[in-house]
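Lettering of chains follows the sequences in order, A, B, ..., and the numbering in each one begins at 1. Only this structure's heavy atoms are used, side chains among them; waters, hydrogens and symmetry mates stay out.
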Protein chains: 2
Amino acid sequence: MKLEIDPHGREPSYLQLAALLRAAIQAGEIAPRDPVPSITYLVGETGLAIGTVRKAIGVLVDEGLVYTVPGRGTFVAGTRPD
Amino acid sequence: MKLEIDPHGREPSYLQLAALLRAAIQAGEIAPRDPVPSITYLVGETGLAIGTVRKAIGVLVDEGLVYTVPGRGTFVAGTRPD
DNA sequence: CTGTATTTGTTCGTATGTATT
DNA sequence: AAATACATACGAACAAATACA
């Protein structure tokens, strides 16, 4: 997964990252119930601060596209609730 | 408006603050289109950090109960969209 | 059962940018 | 120009839940 963020882009970094992850999920690159890259991993890949990555994940959680399980990770939501 | 947060309570501080503000709004203590106390004011009143206060406001924004206008403030939403 | 590692959750603090008054 | 207020982004610490050796 390519994760290129332009810190000087028109869109805020956290929205750019959210969009990239959203696109990957909707393209089927991550299957339902499969884990999204961890926050720590995303920090390393993107060069963003941990708070910024958290905010991006939060956007997708709010959209219902992913869900998080403390201590385990963040996962792609299924089409129907579990 | 009384804004007592228990930092050691069962609920996170930002949810406690969100609940207090929500209650005040629903009790009619702040009328639609009237401003909610500013983030800076709430920081001073509650003793919480600015990020925590912002998170509480964010909860109410997500609920559609209030809306924010940069440079002006945060306001109670009307029953119908403007 | 213990200890360690991983991951998310909460909270704090600071700086800079943008918008309004 | 200055003050006020929200937005974004950075960094750090600790807690809680989970997994595993």
Side-chain angles (χ1 to χ4, degrees), chain A residues 1 3-22 24-25 30 33-77 82, chain B residues 1 3-22 24-25 30 33-77 82:
Chain A
M1 193 189 317
L3 290 173
E4 291 182 13
I5 306 292
D6 175 12
H8 302 90
R10 303 157 196 77
E11 267 204 328
S13 300
Y14 78 94
L15 288 180
Q16 289 183 48
L17 176 55
L20 288 174
L21 294 172
R22 188 187 304 111
I25 291 167
I30 313 173
R33 293 177 179 65
D34 273 1
V36 168
S38 77
I39 291 177
T40 306
Y41 173 86
L42 290 172
V43 167
E45 279 295 302
T46 62
L48 297 175
I50 188 170
T52 305
V53 172
R54 280 190 190 292
K55 193 161 182 178
I57 300 290
V59 169
L60 302 181
V61 170
D62 286 348
E63 291 174 356
L65 207 59
V66 305
Y67 60 95
T68 65
V69 181
R72 288 190 53 207
T74 301
F75 305 87
V76 175
D82 285 333
Chain B
M1 192 189 318
L3 292 171
E4 292 182 13
I5 306 292
D6 175 12
H8 302 89
R10 306 156 195 78
E11 267 204 326
S13 301
Y14 78 94
L15 289 181
Q16 288 183 47
L17 175 55
L20 288 174
L21 293 172
R22 189 187 304 112
I25 291 166
I30 314 174
R33 293 179 178 65
D34 274 359
V36 168
S38 76
I39 290 178
T40 306
Y41 173 84
L42 290 172
V43 166
E45 279 295 302
T46 61
L48 297 174
I50 187 171
T52 305
V53 172
R54 279 196 48 73
K55 195 163 182 178
I57 300 290
V59 169
L60 303 181
V61 170
D62 286 348
E63 291 174 356
L65 208 58
V66 304
Y67 61 94
T68 66
V69 182
R72 289 189 54 206
T74 301
F75 305 87
V76 174
D82 287 332

Mind calculating the distance between [atom1] ([X]) and [atom2] ([N]) to the nearest angstrom?
X       : N      : atom1 : atom2 : answer
A:Gln16 : D:dA9  : CD    : C1'   : 13 Å
B:Ile39 : D:dA5  : CD1   : P     : 10 Å
B:Leu15 : C:dG9  : CG    : C1'   : 11 Å
B:Asp62 : D:dA7  : CG    : P     : 12 Å
B:Phe75 : D:dC6  : CZ    : C1'   : 11 Å
A:Tyr14 : C:dG17 : OH    : P     : 18 Å
A:Arg10 : C:dG17 : CZ    : P     : 19 Å
B:His8  : C:dT11 : NE2   : P     : 11 Å

Taking side chain as C-beta onward, heavy atoms only, is [X] less than 4.5 Å from [Y]?
X       : Y       : value
B:Thr74 : B:Leu60 : no
A:Ile25 : A:Arg22 : no
B:Leu3  : B:Leu17 : yes
A:Ile30 : A:Leu21 : no

### Message
Minimum heavy-atom separation for B:Val76 and B:Tyr67, please, with both atom names.
### Response
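Result for this residue pair: O-CE2, 3.7 Å.
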
Is any side-chain nitrogen or oxygen of [X] closer than 4.0 Å to OP1 or OP2 of [N]?
X       : N     : answer
B:Thr40 : D:dT4 : no
B:Thr74 : D:dC6 : yes
B:Arg72 : D:dC6 : no

### Query
Atom CG of B:Leu48 and atom CZ of B:Arg54: how far apart are they, to the nearest 0.5 Å?
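B:Leu48 CG to B:Arg54 CZ: 14.0 Å, rounded to 0.5 Å.
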
### Query
Roughly how far apart are A:Ile50 CD1 and A:Thr40 OG1, rounded to 0.5 Å?
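The CD1 atom of A:Ile50 sits 5.5 Å away from the OG1 atom of A:Thr40.
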
### Task
Searching all strands shown, indicate the nucleotide that pairs with D:dA1 (Watson-Crick or G-U wobble; both distances under 3.5 Å).
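Paired with D:dA1, as far as the under-3.5 Å criterion goes, is no nucleotide at all.
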
### Message
Can you pull out the residues from residues 50-60 of chain B that lie within a 4.0 Å heavy-atom distance of DNA chain C?
### Response
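Close to the strand are B:Ile50, B:Thr52, B:Lys55.
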
### Task
Please figure out whether B:Thr68 or A:Val69 has its closest DNA chain D nucleotide nearer the 5' end.
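Here B:Thr68 is the residue nearer the 5' end.
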
